[in-house]
Amino acid sequence: MNEAIRPGPETPPQANSRSPELSVVVPTFNERDNVTVLYRRLEASLAGIAWEVVFVDDNSPDGTWDVVRALAQRDSRVRCVRRIGRRGLSGACIEGILASSSPYAAVIDADLQHDETQLPKMLSLLASGQADLVVGSRYIEGYKSEGFNKQRAGASALATEVAKKMLRVEIADPMSGFFMVRRDRFEELAPKLSVHGFKILLDLVATAHGSLRAVEIPYTFGERQHGESKLDSMVALDFIGLVLAKLSNDIVSLRFILFAMVGGIGLVVHLTTLFIGLELIKVPFAEAQAAGAIVAMTSNFILNNFLTYRDQRLKGFALLSGLIMFYVVCSVGLLANVGVAFSVYDQEPIWWLAGAAGALMGVVWNYAMSGLFVWRKK
Ligand code: GDD
Ligand code: MN
């Protein structure tokens with residue numbers, strides 16, 4: 001920063017503004033009926049603390065941003081970041097924290113499932129220097145659940161164990177969406193975080209490699225009052241992708257891993273179709289193989305549109321033209337795959353090495369070209 005514009009030590013603090021000590025970041029998507037209730041609850045719980053709240057809304061069709069804007073007009077502690085053309089929970093949280101300037105930032109869901117009355121306690125743990133990160137945990141003693149069904153609780157517990165083992169994450173509930181962190185520490189780690197996933201806390205803790213001193217406090221995960229959960233079954237795949245990306249030390253991006261996982265599913269789809277064609281319908285091999293390729297490409301396209309590129313999901317006519325473009329990209333990818341496999345096999349006649357090299361070439365090609373031509377950034 002230019003010395004001339006940097007506020008020097010002689011610059012008096014503005015008498016009329018008390019800069020906030022705590023920024024509460026609330027990601028929202030279709031939470032119109034919840035935001036005002038949350039705002040009122042924050043106001044009640046945070047009495048005596050200088051706070052602000054940053055709602056990060058991905059242009060919700062229900063106009064959540066409109067309700068937030070109206071709150072912001074009455075109370076300058078409320079801010080609304082309305083993002084257009086982007087979707088994603090992690091990205092929204094990251095942007096909200098980076099848009100704040102207070103020394104501590106909390107992330108809390110808008111749907112009142114998290115317990116905002118814990119915020120002052122979380123703040124005092126950070127402010128007293130006992131921790132860099134405080135997590136609202138659903139797994140430690142004292143935790144009660146109202147809003148979690150059995151099936152989801154089981155899946156979540158299993159995923160948590162996997163993540164803790166593989167990424168050497170020590171905290172009990174790295175899947176929590178409720179936490180508070182020192183902004184300076186977050187700012188250091190932010191460039192390495194993935195904006196695509198759902199699991200911002202897991203990403204943060206794994207990226208920190210044990211350098212964040214974490215404290216956990218139990219809270220009651222409540223019932224959702226209005227609207228519905230946005231986390232679908234794709235979250236499981238998303239989670240596996242994040243674990244793999246972190247294991248590779250972020251050399252491989254989460255998006256590429258998701259794309260490659262979809263490719264793996266495509267192989268199973270291909271072989272299943274081939275089998276059905278040959279054994280059950282009894283068509284000639286060439287036809288069964290072609291059918292397998294078309295079915296697999298189509299299902300890969302649909303899965304990628306739902307998972308890998310969910311933040312840029314194609315709809316309507318763009319979906320059809322995207323599918324055709326995807327066929328073209330994959331066909332060229334297949335040529336690249338076979339070409340590389342042949343030349344490797346020529347030098348070193350090891351079938352699996354040649355096959356794997358070809359497949360890798362194919363997926364890298366398909367990924368690069370899909371990003372350029374199918375799900376291109378507008
Ligand atoms: N800006 C933005 N963009 N916000 C989003 C998006 C998005 O794409 N998707 C979801 N949100 C917001 C929701 O509006 C809500 O405020 C919050 O993120 C959580 O979304 P839910 O759809 O309510 O998720 P959940 O209740 O199933 O899961 C939550 O709780 C779990 C347990 O604590 C999330 O916080 C999970 O991350 C967490 O594991
Ligand atoms: Mn929720």
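Note that this is a predicted model, so its numbers are computed, not measured. Atoms within a ligand are numbered from 1 in the order they appear, just like the ligands themselves. Only heavy atoms go into these numbers, but all of them, side chains included; no hydrogens, no water, no symmetry mates.
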Heavy-atom distances under 4.0 Å are what count here, so tell me which part of [X] touches ligand 1: side chain, backbone, both or neither.
X: Tyr219; result: side chain
X: Phe221; result: side chain
X: Ser229; result: both
X: Arg138; result: side chain

Within the stated cut-off of 2.8 Å, is an N/O/S atom of Ser229 closer than that to the Mn ion (ligand 2)?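 Not a single backbone or side-chain N, O or S atom of Ser229 is under 2.8 Å from the Mn ion (ligand 2).
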Assess Asp111: does it contribute an N, O or S atom lying under 2.8 Å from the Mn ion (ligand 2)?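 Of the N, O and S atoms in Asp111, at least one lies under 2.8 Å from the Mn ion (ligand 2), which means yes.
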Ring of Phe29, cation from Arg87 - is the NZ or CZ under 6.0 Å from the centre and inside 45° of the axis?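 Arg87 over Phe29 ring: yes.
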Relative to the heavy atoms of [X], which atoms of ligand 1 are at a distance of less than 4.0 Å?
X: Gly177; value: 33 (O), 35 (O), 38 (C)
X: Glu31; value: 13 (C), 14 (O), 15 (C), 16 (O)
X: Ala110; value: 16 (O)

Carboxylate-amine/guanidinium proximity below 4.0 Å for Arg82 and Asp66: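 Not counted as a salt bridge, because no side-chain N and carboxylate O are separated by less than 4.0 Å.
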Tell me whether Glu187 is salt-bridged to Arg182, with the criterion being a basic N under 4.0 Å from an acidic carboxylate O.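 No, no charged N to carboxylate O under 4.0 Å.
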Answer with yes or no whether Lys199 contacts ligand 1, where contact means a heavy atom under 4.0 Å from a ligand atom.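 The answer is yes, since Lys199 has a heavy atom less than 4.0 Å from ligand 1.
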Going by the closest heavy atom to atom 19 (C) of ligand 1, which one wins out of Asp109, Asn34, Ile108?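 The option holding the nearest heavy atom is Asp109.
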Relative to atom 4 (N) of ligand 1, which among Thr28, Val26, Val81 owns the nearest non-hydrogen atom?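 Minimum heavy-atom distance to atom 4 (N) of ligand 1 goes to Thr28.
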Would you say Asp58 and ligand 1 have an N/O pair spaced under 3.5 Å apart?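 Yes; the residue has a nitrogen or oxygen that sits under 3.5 Å from a nitrogen or oxygen of the ligand.
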Counting only nitrogen or oxygen atoms and a 3.5 angstrom limit, does Val56 reach ligand 1?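 Yes.
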